[in-house]
Undergrad: 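This is the structure I want to talk about, given as structure tokens.
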Amino acid sequence: MADDANSSTDTIIEKPSEEKPTEVKPAEVKRAWADEVDDPDEEEQPTSSTSAEKDPELNIGSLKIDENKNTEKFLDEPEEGNIKAVTGDTLYSTAVTFEDLNLSEEILKGLYVDMKFTRPSKIQSVSLPMILTPPYKDLIAQAHNGSGKTTCFVLGMLSRVDVKLRAPQALCICPTRELAIQNIEVLNKMGKYTGITSFCAIPVDRARDIPINKRSPITDQIVVGTPGTIKKWMSVKKLSVDDMKILVFDEADHMLAEDGFKDDSLRIMKDIEKSTPHCQVLLFSATFNETVKNFVSRVVKDGNQMFVRKEELSLDVVKQYKVNCPDEYAKIHVIKDKIFELGEKLGQSIIFVHTRRSADVLHKALSDYGWQCTSIHGAIEKDHRDKIVKEFKDGLTQVLISTDLLARGFDQSQVNVVVNYDLPVKYEYQSEPDYEVYLHRCGRAGRFGRKGAVFNLLCTQKEHMLMGKIENHFQNNIVEISDWQNNNEFESALKAAGLI
DNA sequence: AAAAAAG
């Protein structure tokens, strides 16, 4: 990463007349998310003269907002540490309010009334002007888990499509069915008053599937789905890309990784390029390792880029612990006696496991002890997967066992405990931890700056070694719980995490 | 020695 790349905003280019350009200010101050409202720095950052002319109440460049505005959401919001904006020759204004973005009345209504949003988060205020301002440059955006990336690309898609044109104009590609469903739900809620319609292109159980040749072409403006199904719809010409204006990759590092969906993603990108000269490409993720960062920077050459340093990516508000477990039995008992008994009344928990089989085994073991929980992985019937997720999101279940199916993107604000029953490892080198997946798993807790705790259950020498590498990688100290049977240790852990 | 998607 070019560390000096954050100062390239000196050239002003022609902007639409009603826009008042101000400098993109890469946040350089390190701070914990939850400190945001108490942080005196917030109010003392220099104000740019252009924004002062525009509205004396509005202090663009800092995060101060009109005091008449409801700042409730503001209090909850995570603060982005160290974003670097490489803006090339285009100057963008950061948005302090959603009104600053020239969003339509209909979209604003969806944001305020249905989403109950009051003000853009940091990533939103920086990236949305880049997305919505001509010449609609491509964008690679990295921001913390739970900081509101989905809103960025959903608003981008909603704003850029023409509701009068009954043809697909925006496409969002996700790594799992669950994420596609979640994104389309956000989209539909935010776009409720726009008249824009959407289509979810994901695999369904065969019993419910309508043969594709019997289906009519998609006329919805926005399509959200998984790579295989999108490719299938495109190949039979039921998904036209002729009018495509904006292409989004959610969890983009995984979508463009060698061992992820690279081939599918590039195929789709090229097919769109062939039939539409100017389709804006947006890549969003909380993680971009060096390899994939280099690759995506080549794929999306002339776009805007914002990255976060890896040491600042680990969420401070989500406290991480390592639990010494002498054997597998101890791991199960930690979950049974500590996570269930202490954690249950605190909210919801997700337990991550390495394989489908261990998900089944753990689920059965806990059920045999009489504990209610559910489990999800890719070998489960799709209708049932949807049901498990819905029950969990509706708060009907408290503990969900999952493979890495839900490691990325899954957004359930009530989750404040994550358990790594085993640590994620790289496929090629199983002695190397998968740092990105680790971070994504942790990110299931502490959504939008909320408190959370992660318990890593360690048994073998290898697991301790993996843990050490993770601590070293993110340069953070993970507190040890030495006695897995000690209630006091768990209680003080939960207390330190702010959960009790 | 994997997960997911999809075939």
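Labels below follow one simple rule: chain letters A, B, ... track the order of the sequence lines, proteins then strands, and each chain is numbered from 1.
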Undergrad: Closest heavy-atom contact between A/V154 and A/N183?
TA: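 Closest pair (atom of A/V154, atom of A/N183, distance): CG2-O, 4.4 Å.
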
Undergrad: Could you tell me whether A/K338 sits above the aromatic face of A/F455, with NZ or CZ closer than 6.0 angstrom to the six-membered ring centre and within 45 degrees of the axis?
TA: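 No, cation not above the ring by the 6.0 Å, 45° rule.
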
Undergrad: Would A/K149 count as a cation-pi partner of A/F284, with NZ or CZ less than 6.0 Å from the six-membered ring centre and within 45° of the ring normal?
TA: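 No, A/K149 does not lie over the aromatic ring of A/F284.
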
Undergrad: One character per nucleotide, please: for nucleotides 1-7 of chain B, 5' to 3', B when the base has a protein heavy atom closer than 4.0 Å, S when only the sugar-phosphate does, - otherwise.
TA: BBBBSSS

Undergrad: Is there a donor-acceptor pair closer than 3.5 Å between any side-chain N or O of A/Q221 and the backbone N or O of A/V163?
TA: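 Between the backbone of A/V163 and the side chain of A/Q221 there is a qualifying donor-acceptor contact (under 3.5 Å).
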
Undergrad: What residues, two or more places apart in sequence or in another chain, satisfy ring pair (Phe, Tyr, Trp, His ring centres under 6.0 Å) together with A/Y136?
TA: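 If we apply the ring pair (Phe, Tyr, Trp, His ring centres under 6.0 Å) test to A/Y136, skipping adjacent residues, there are no hits.
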
